2 protein chains.
Amino acid sequence: MNLKELSDILGLSQTTVSRALNGYPEVSEATRRKVQAAAAAHNYRPNTRAKALATGRAMAIGHVIPISTKHEMVNPVFADFLAGAGESYAKAGYDMHLSLVADDDQEHAFRELAAKRNVDGLIVHAPLANEPRIPLLREIGLPFVVHGRSSGETGPYSWLDINNRRAFSRATGFLCDLGHRRVALINGLEHMDFALRRRDGYVSNLIDRGITPDPAMMEAAEMTEINGHHSARAMLDMDNPPTAFLVSSMISAMGVRRAIEERGLVMGRDVSVIAHDDDLSYFKNSDGVDVPMFTATRSSVREAGRQAADMLLTQISHPFSDPENRLLEAELTLGQSTAPPPSKG
Amino acid sequence: MNLKELSDILGLSQTTVSRALNGYPEVSEATRRKVQAAAAAHNYRPNTRAKALATGRAMAIGHVIPISTKHEMVNPVFADFLAGAGESYAKAGYDMHLSLVADDDQEHAFRELAAKRNVDGLIVHAPLANEPRIPLLREIGLPFVVHGRSSGETGPYSWLDINNRRAFSRATGFLCDLGHRRVALINGLEHMDFALRRRDGYVSNLIDRGITPDPAMMEAAEMTEINGHHSARAMLDMDNPPTAFLVSSMISAMGVRRAIEERGLVMGRDVSVIAHDDDLSYFKNSDGVDVPMFTATRSSVREAGRQAADMLLTQISHPFSDPENRLLEAELTLGQSTAPPPSKG
DNA sequence: CAAATTCTCCAAAGCGCTTTGACAAACTCA
DNA sequence: TGAGTTTGTCAAAGCGCTTTGGAGAATTTG
């Protein structure tokens with residue numbers, strides 16, 4: 001069922017039918033109702049491609065998700081972010097276009113996406129501390145919103161980020177206030193901007209308290225359970241092991257917990273842990289009844305997806321507006337995994 | 001840069017330029033080279049929408065991912081599946097279109113996708129034991145491949161699944177061979193087809209051995225860490241607790257481990273666990289060096305994504321071919337989490 | 001060497017929609 | 001009542017591409 005057929009059935013011109021369906025005022029209410037009824041009855045939906053061609057708007061947003069070239073990893077937080085963004089798109093009638101691209105052909109992928117004109121804008125995921133995609137996108141001239149920020153980037157651009165620095169500073173402070181002096185950081189890969197900011201928050205809080213950060217207690221790796229386990233195991237084997245861990249993800253924190261328990265220690269008694277919690281649907285820290293497993297800095301990545309999508313849609317409908325920036329704060333929620341350090345002897 | 005501009009620059013007709021770029025034989029090699037060079041120089045890419053409109057093929061595949069209405073959960077296995085499918089699409093020049101849809105408007109989403117004609121086919125995720133989407137898609141007439149199967153569906157359709165029944169039967173048998181008699185099942189939601197088949201494998205193997213399955217040792221819930229923990233905790237508190245757990249996901253298995261350790265027991269000594277391992281990039285069971293954490297039934301969901309995508313593309317290019325079915329076997333890999341049950345006393 | 005083929009290339013139609021510009025018909029108001 | 005305005009509709013152009021049906025030039029054939 002296409003427009004021509006529908007208008008033939010109605011005995012109206014395509015113009016009138018199109019206008020009736022798209023809410024233009026040049027058509028009487030009586031015919032509009034008739035047209036809408038017929039459209040519904042025949043299950044008519046305008047062909048997206050034809051509509052896009054005619055209007056110049058694709059009504060689709062692209063998500064370019066980098067896959068770690070070396071390890072071919074695809075971060076599970078994307079799933080929840082996409083779920084959030086998807087909600088916003090659905091409300092606005094936009095579609096979602098996904099490209100999963102190896103680190104090393106991002107540029108190609110972006111140019112392709114722009115030249116083929118199949119999206120009206122895109123979301124940049126997982127920005128690096130020095131993010132070449134931002135100037136590239138400015139050059140290409142496609143609206144975009146970055147989920148995160150890029151420290152090396154000085155010009156204006158739209159982003160939505162959480163206050164990683166503050167969250168990790170607070171968490172570090174909280175552990176130190178409990179009496180911990182040997183706090184380890186198990187971070188994500190530190191060419192990623194968020195990881196850098198988290199380290200920054202951690203390091204600066206320690207320094208403010210007169211504690212010299214110990215490089216042996218800082219590790220950066222992809223945030224898997226296995227890596228968390230490896231790093232924590234190595235640190236617990238040190239002569240003077242940390243009494244607390246600050247961990248960049250719930251997933252690596254599970255590995256940290258495993259390492260702690262392998263040593264016969266108890267998390268939340270012998271060793272404290274604070275994890276960052278993206279509030280992933282499959283990795284809830286709390287069931288809403290028991291005390292949460294981990295003390296955590298929490299910020300919903302799904303909500304971030306919703307908001308980033310909304311920002312992008314606004315930007316698309318107001319092309320000459322200034323870039324918008326949003327900084328979300330993470331909550332520090334208390335769980336079972338923190339306590340004062342065990343007294344010696 | 002569009003076709004008209006490019007052909008003006010070259011002093012050729014749009015026809016010739018189009019044909020040169022699309023490999024038609026009606027154009028001399030000399031001009032073809034000239035055209036290709038100019039296209040590359042001007043970074044020309046045909047407008048997807050125009051091309052789609054002209055050819056009738058969208059060159060895009062839709063993925064409709066259900067979001068659990070009740071709990072709003074989006075399963076992390078999708079991320080890895082999509083990564084696999086994305087690889088296949090990229091090779092074939094296809095794009096990926098994503099819809100995240102609440103259970104209860106799946107039908108609407110499908111009809112919409114079909115009527116708007118923005119995909120050439122789609123992948124059905126997470127089929128139920130009785131899956132209404134399959135007859136619906138047949139009616140709509142869009143090519144599709146199901147990731148999984150639907151037991152209630154009798155007609156032919158294309159699917160790719162793993163042998164869940166066999167995998168869980170083997171795992172059950174393995175635990176029994178070690179001497180376990182009280183083996184618990186912590187399953188996914190049992191209106192999902194895969195979960196039903198897994199239970200079937202588990203139950204039938206027990207029965208074959210003359211062990212009566214105990215409903216108190218079978219739990220079905222969304223496969224989160226928290227649910228795994230809850231279920232295992234409850235079972236370990238029974239008068240006669242299980243000595244082994246068969247768990248439908250690595251993620252819930254982590255919760256099971258937590259429950260075991262909370263009781264002061266050691267997994268792989270006091271209590272055995274076998275988990276199903278989708279080989280997710282962020283949840284590897286093994287680092288390739290140490291003995292894997294869990295004894296597991298393993299099948300890469302990423303590879304499933306690759307293959308399902310290939311099947312769909314083949315089906316699209318051969319519209320009248322018969323539906324294809326692929327049953328992948330899961331490996332049973334030995335890890336640290338299984339041992340004979342502790343002897344009594 | 002004329003006729004028949006084969007090579008190259010082109011003009012124009014068509015994909016399904018939106019949107020511009022025109023035009024009757026119906027309504028104003030003096 | 002007639003000029004001016006508003007209302008409701010339509011025909012046709014255009015979005016950027018592919019593809020059909022020729023048509024002239026180059027090549028081969030008898």
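Note that the coordinates shown come from a computational prediction; the quantities given were computed from them, not determined experimentally. So you know, we letter chains A, B, ... as the sequences are listed, proteins then strands, and number each from 1.
In this structure, CG of B/Leu6 is placed 12 Å from P of D/dT18, rounded to the nearest angstrom. Put simply, CG on A/Asn47 is 10 Å from P on C/dT18, counting in whole angstrom units. When rounded to the nearest whole Å, the span between CD of B/Gln14 and P of C/dC9 equals 16 Å. Atom CZ in A/Arg32 sits about 13 Å away from atom C1' in D/dT7, given to the nearest Å. Straight-line distance from the CZ atom of B/Arg19 to the P atom of D/dG21: 11 Å, rounded to whole Å. Atom NZ in B/Lys116 sits roughly 15 Å away from atom C1' in C/dG16 (whole-Å rounding). Atom CZ of B/Arg49 is separated from atom C1' of C/dC15 by 15 Å (rounded to the nearest Å). Whole-Å rounding puts the B/Lys51 NZ to C/dG16 C1' distance at 19 Å.
Of the listed nucleotides (D/dG16, D/dT9, C/dC17), C/dC17 has the atom at the smallest distance from the side chain of A/Leu3. Distances from the side chain of B/Ala54 to the nucleotides D/dG14, D/dC17, C/dT19 place D/dC17 closest. For A/Asn2, the listed nucleotide lying nearest its side chain is C/dG16; candidates were D/dC10, D/dC17, C/dG16. Checking C/dT18, C/dC10, D/dC10 against the side-chain heavy atoms of A/Leu12 singles out D/dC10 as nearest.
Taking 4.0 angstrom as the limit, B/Ser28 places none of its side-chain polar atoms (N or O) nearer than this to OP1 or OP2 of C/dT8. For D/dT9, neither phosphate oxygen OP1 nor OP2 lies less than 4.0 angstrom from any side-chain nitrogen or oxygen of A/Ser13.
Residue contacts shown for A/Thr15 include a base, since a base heavy atom lies under 4.0 Å away. Contact annotation for B/Thr55: backbone-only contact, meaning every heavy-atom pair under 4.0 Å involves sugar-phosphate atoms and none involves a base.
By the 6.0 Å contact criterion, CZ on A/Arg117 is open, its count of non-hydrogen atoms from other residues, nucleotides or ligands being 12 or less.
Of the two residues near DNA chain D, B/Tyr24 and B/Ala50, the one whose nearest nucleotide lies more 5' is B/Ala50. Take the nearest nucleotide of DNA chain C for B/Thr31 and for A/Leu53: the residue whose nucleotide is more 5' is B/Thr31.
Aromatic ring centroids of B/His63 and B/Tyr89 lie under 6.0 Å apart.
Aromatic ring pairs are classed by plane angle as parallel below 30°, tilted from 30° to 60° and perpendicular above 60°; the pair B/His147 and B/His125 is perpendicular.
The residues A/Glu107 and A/Arg133 are annotated as not salt-bridged, no charged nitrogen and carboxylate oxygen being separated by less than 4.0 angstrom.
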Evaluate the criterion salt bridge (Lys or Arg N to Asp or Glu O under 4.0 Å) for residue pair B/Glu139 and B/Arg111; output intermediate values, then yes/no. CA-CA 10 Å; B/Glu139 175 205 327; B/Arg111 291 196 185 280; 3.3 Å; yes
